[in-house]
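What follows is a single structure, written as structure tokens, with notes after it.
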Amino acid sequence: MALRQIRIQGDSVLEKVCRPVEKISPRIATLIEDMIDTMYENNGVGLAAPQVGVLRRIAVIDVGEGPIVLVNPVVLETSGEQTGEEGCLSLPGKSGQVTRPNYAKVRAFDAEMNEFEIEGEELLARALLHEIDHLDGHMYTELVEGPLHDVTYDEEEE
Ligand code: ZN
């Protein structure tokens with residue numbers, strides 16, 4: 001297990017458009033494993049490659065049902081609307097209110113480059129769209145309504 005350093009908002013790597021993955025090289029396979037480890041270590045729901053300084057179209061998500069690896073994800077469909085608090089590992093200690101579609105359907109490749117489709121509602125839809133935004137250089141703060149809030153870590157074990 002190897003943890004990667006998470007880039008913080010203001011780092012220009014978070015504002016760039018990522019390149020597609022052509023094949024799962026050993027280097028990319030290690031990156032995916034490290035991204036999953038880094039997401040869990042930081043209690044995140046998702047993590048995108050540019051957040052660890054790599055400009056590739058890769059994201060990992062876990063909304064409580066196990067890790068999902070998304071390589072070259074594309075949003076196929078969205079519908080509905082949800083408004084809720086959103087945070088990001090690249091902006092620790094903050095959250096803000098964001099309105100996004102309530103449903104998203106995404107096509108991607110897994111860590112073995114097998115194509116699949118995933119549909120999600122509520123938190124999963126939010127996580128999919130948040131992470132895919134990162135791959136195009138966008139942070140949720142561009143969508144925030146009103147001020148950012150400080151997050152209180154009542155349940156965090158230190
Ligand atoms: Zn994020």
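Throughout, residue positions are numbered sequentially from 1 according to the sequence presented.
The side-chain heavy atoms of T83 and Q97, taken from C-beta on, include a pair separated by under 4.5 Å. Residues K105 and I118 are not in side-chain contact: their nearest non-hydrogen atoms beyond the backbone lie 4.5 Å or more apart. Between T38 and L89, the closest side-chain pair of non-hydrogen atoms is not below 4.5 Å. Proximity of P67 to V60: side-chain heavy atoms (C-beta onward) are nowhere separated by under 4.5 Å. Using a 4.5 Å heavy-atom cutoff, the side chains of Q51 and E131 are in contact. In this structure, V71 and I28 have side chains that are not in contact, with every pair of non-hydrogen atoms separated by 4.5 Å or more.
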Show the numbers, then the answer: is there a side-chain contact (heavy atoms from CB on, under 4.5 Å) between K94 and H149?
CA-CA 5 Å; K94 299 282 181 189; H149 314 290; over 6 Å; no
Evaluation steps, side-chain contact (heavy atoms from CB on, under 4.5 Å), between E22 and N72
CA-CA 9 Å; E22 276 145 36; N72 300 340; over 6 Å; no
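Around atom CD of E142, more than 12 heavy atoms belonging to other residues, nucleotides or ligands sit under 6.0 Å away. Counted within 6.0 Å of CD on E65, heavy atoms from surrounding residues, nucleotides or ligands total 12 or fewer; the atom is thus considered open.
Checked by atom type, the side-chain pair T99/E145 shows a donor-acceptor distance below 3.5 Å. Under the 3.5 Å distance criterion, with hydrogens and angles disregarded, no donor-acceptor pair is assigned to the side chains of D133 and Y140.
Linking ILVMFWY side-chain heavy atoms closer than 4.5 Å, directly or via other members, places V52 and I24 in a single hydrophobic cluster.
At least one donor-acceptor pair closer than 3.5 Å links the side chain of D11 to the backbone N or O of V13. Checking side-chain atoms of D37 against main-chain N and O of Y40 turns up no donor-acceptor pair under 3.5 Å. Listed for the R126 side chain is a donor-acceptor partner under 3.5 Å among the backbone atoms of V98. S90 contributes a side-chain N or O that, together with a main-chain N or O of R7, makes up a donor-acceptor pair within less than 3.5 Å. No donor-acceptor pair under 3.5 Å is formed between the side chain of R4 and the backbone N or O of D34. For Q82 (side chain) and P101 (main-chain N/O), a donor-acceptor pair under 3.5 Å exists by modelled atom type.
Note that the CG atom of L128 and the CG atom of L123 stand 9.5 Å from one another [nearest 0.5 Å].
Salt-bridge check for R107 with E117: passed, with a basic side-chain N closer than 4.0 Å to an acidic carboxylate O.
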